[in-house]
Amino acid sequence: MQIGIDSFAATLPDPSTGRVQSATIRMAELLEEVEVADRVGLDVFGIGEHHRGEFLDSAPAVILAAAAARTSRIRLTSAVTILSAADPVRVFQEFATLDLISGGRAEIVVGRGSFVEAYPLFGLDTRDYDDLFAEKLDLLLALQESTSVTWEGRFRPPLSGQSIYPRPHQQRLPIWIGVGGTPQSFARAGALGLPLMLAVIGGDFGRFRPLVDLYRDAGKRSGHSAETLKIGIHAMGFVGDTDAVAKDAFFPGWAYLTTNIGRERGWSPPTRQQFEAMAGPEGAFLVGGPDTVAAKMLQASETLGGVSRITFQMSTAALDTSAMKRSIELLGTEVAPIVRAARRI
């Protein structure tokens, strides 16, 4: 199982002063976090994409390129590229360039995005939410296969054999499909034979098993091998020296962001009791000491019929940078060995 981290480069106010951390300082700390993840042997680091004031990740390929120059082995990916609101040609060029800088460590996770700010920002209609993604994914996959592409769609000017450069270091850029809870998304990823990155931000892992089975069934019906149909999990996660330390470090930032986003979406304010339930044995938060987190990771994999990758979304703990780095160290030096040893048995 590959183990890694996804970051949204969150900037959060200090609860005691209300002051928001400098964006410049936060970006420097984020790059240090990637360096720590590389040093302790984690497999992958992802940068999300948002176009809101709480996050600094509107240009993930730029952040990943900076990280590539400061690391040597960790794979670098988007988490998630909002392909519906982007030009697939430009996305391919950016990540092919990242692949060259990193010596073949780039990947892309593409999706439609759970936030819709990118659509009006780039002059797109959210009524075309599904059609935009399907068409642009088709073009991105075509660009992966050939240097010169002839292609036509509704939302972008056609290509008539133009050559797309640069080409990546890898023969093929790995492209994952990022999904939430829409059955059609699982079926589409399976039919295309693309690896699936499942965002689990609440509830429990078991509720996604029917959708994961749908993905695998669609893939098999389309002639794809079981080895091709990989499952990844993107989950809220944080590791501390003890369960209590991890929860206390993660909760304040999680509560702040969830309250703000929930206000826009009509959710009730989150409570500590809800958080404790999500971090408990049945919940989907991978928050706790090393043994607790490792056990929950293995249980999640078993529940979903085998998982190839788990990435931790721990940006909400960015209020305490020392705790963030400690969490990354524990994930690489204590959690990962437990999980990998168990998977070899």
Side-chain donor/acceptor of Ser78 to backbone N/O of Val109, under 3.5 Å: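 Judged by distance alone, yes, a pair lies under 3.5 Å.
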Would the distance check show the side chain of Thr271 and the main-chain N or O of Gln274 forming a donor-acceptor pair, the cut-off being under 3.5 Å?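 Yes.
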Out of curiosity, does [Y] fall in the hydrophobic cluster containing [X] (side-chain heavy atoms, cut-off under 4.5 Å, transitive links)?
{"X": "Leu31", "Y": "Leu98", "result": "yes"}
{"X": "Leu211", "Y": "Trp176", "result": "no"}
{"X": "Leu140", "Y": "Val149", "result": "yes"}
{"X": "Leu229", "Y": "Met1", "result": "yes"}
{"X": "Ile74", "Y": "Val40", "result": "yes"}

Please round to the nearest 0.5 Å and tell me the distance separating atom [atom1] of [X] and atom [atom2] of [Y].
{"X": "Leu132", "Y": "Ile82", "atom1": "CG", "atom2": "CD1", "answer": "12.0 Å"}
{"X": "Met27", "Y": "Ile25", "atom1": "CE", "atom2": "CD1", "answer": "12.5 Å"}
{"X": "Met314", "Y": "Leu331", "atom1": "CE", "atom2": "CG", "answer": "5.5 Å"}
{"X": "Ile201", "Y": "Ile261", "atom1": "CD1", "atom2": "CD1", "answer": "8.5 Å"}
{"X": "Ile233", "Y": "Phe205", "atom1": "CD1", "atom2": "CZ", "answer": "5.0 Å"}
{"X": "Ser58", "Y": "His50", "atom1": "OG", "atom2": "NE2", "answer": "11.0 Å"}

Student check: side-chain heavy atoms of [X] and [Y] closer than 4.5 Å:
{"X": "Gln144", "Y": "Leu141", "result": "yes"}
{"X": "Leu143", "Y": "Gln93", "result": "no"}
{"X": "Glu135", "Y": "Trp151", "result": "yes"}
{"X": "Phe275", "Y": "Thr258", "result": "no"}
{"X": "Thr311", "Y": "Ile5", "result": "no"}
{"X": "Asp43", "Y": "Arg73", "result": "yes"}
{"X": "Lys136", "Y": "Leu83", "result": "yes"}
{"X": "Phe95", "Y": "Pro168", "result": "no"}

In plain terms, say whether [X] and [Y] are close enough for a salt bridge, that is, a side-chain N and a carboxylate O under 4.0 Å apart.
{"X": "Glu29", "Y": "Lys325", "answer": "no"}
{"X": "Asp87", "Y": "Arg156", "answer": "yes"}
{"X": "Arg39", "Y": "Glu32", "answer": "no"}
{"X": "Asp241", "Y": "Arg326", "answer": "yes"}
{"X": "Asp213", "Y": "Arg209", "answer": "yes"}

For the residue pair Tyr119 and Tyr129, categorise the inter-ring angle as parallel (less than 30°), tilted (30 to 60°) or perpendicular (more than 60°).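 Rings of Tyr119 and Tyr129: tilted, as their planes differ by 30° to 60°.
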Would you call the rings of Trp254 and Phe285 parallel, tilted or perpendicular, where under 30° means parallel and over 60° means perpendicular?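 Answer is perpendicular, since the angle exceeds 60°.
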Can you establish whether the number of heavy atoms outside [X] located under 6.0 Å from its atom [atom1] is more than 12?
{"X": "Arg272", "atom1": "CZ", "result": "yes"}
{"X": "Arg265", "atom1": "CZ", "result": "yes"}
{"X": "Glu145", "atom1": "CD", "result": "yes"}
{"X": "Glu264", "atom1": "CD", "result": "yes"}
{"X": "Leu121", "atom1": "CG", "result": "yes"}
{"X": "Glu276", "atom1": "CD", "result": "yes"}
{"X": "Arg207", "atom1": "CZ", "result": "yes"}

Is it true that [Y] and [X] share a donor-acceptor pair across their side chains at a distance under 3.5 Å?
{"X": "Ser315", "Y": "Gln313", "answer": "yes"}
{"X": "Gln299", "Y": "Thr303", "answer": "yes"}
{"X": "Asp99", "Y": "His169", "answer": "no"}

Remaining members of hydrophobic cluster (4.5 Å side-chain criterion), Tyr165: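 Once heavy-atom contacts under 4.5 Å are chained together, Tyr165 still belongs with nothing else.
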Testing the basics here: between [X] and [Y], what is the closest heavy-atom pair and its distance to 0.1 Å?
{"X": "Phe250", "Y": "Val287", "result": "CD2-CG2, 4.1 Å"}
{"X": "Ala279", "Y": "Lys247", "result": "CB-CE, 4.0 Å"}
{"X": "Ala106", "Y": "Pro174", "result": "O-CD, 3.4 Å"}
{"X": "Gly206", "Y": "Pro210", "result": "O-CD, 3.9 Å"}
{"X": "Ala37", "Y": "Phe45", "result": "CB-CD1, 3.9 Å"}
{"X": "Pro290", "Y": "Leu330", "result": "CG-CD2, 4.3 Å"}

Could you go step by step and tell me if Val62 and Glu94 meet the side-chain contact (heavy atoms from CB on, under 4.5 Å) rule? CA-CA 8 Å; Val62 177; Glu94 289 171 347; over 6 Å; no
Identify all side-chain donor-acceptor contacts of residues 178-200 below 3.5 Å with residues at least two apart in sequence or on another chain.
| unit_1 | atom_1 | unit_2 | atom_2 | d |
| --- | --- | --- | --- | --- |
| Ser185 | OG | Arg112 | NH2 | 2.9 |

For a side-chain contact (heavy atoms from CB on, under 4.5 Å) check, start with the C-alpha distance between Ile3 and Leu42, then their side-chain angles and the critical distance, and finish with the verdict. CA-CA 6 Å; Ile3 300 171; Leu42 291 178; 4.0 Å; yes
Could you go through Leu30 and Ile47, starting from their C-alpha distance and side-chain angles, then the distance that decides it, and tell me whether this counts as side-chain contact (heavy atoms from CB on, under 4.5 Å)? CA-CA 10 Å; Leu30 173 59; Ile47 301 293; 4.0 Å; yes
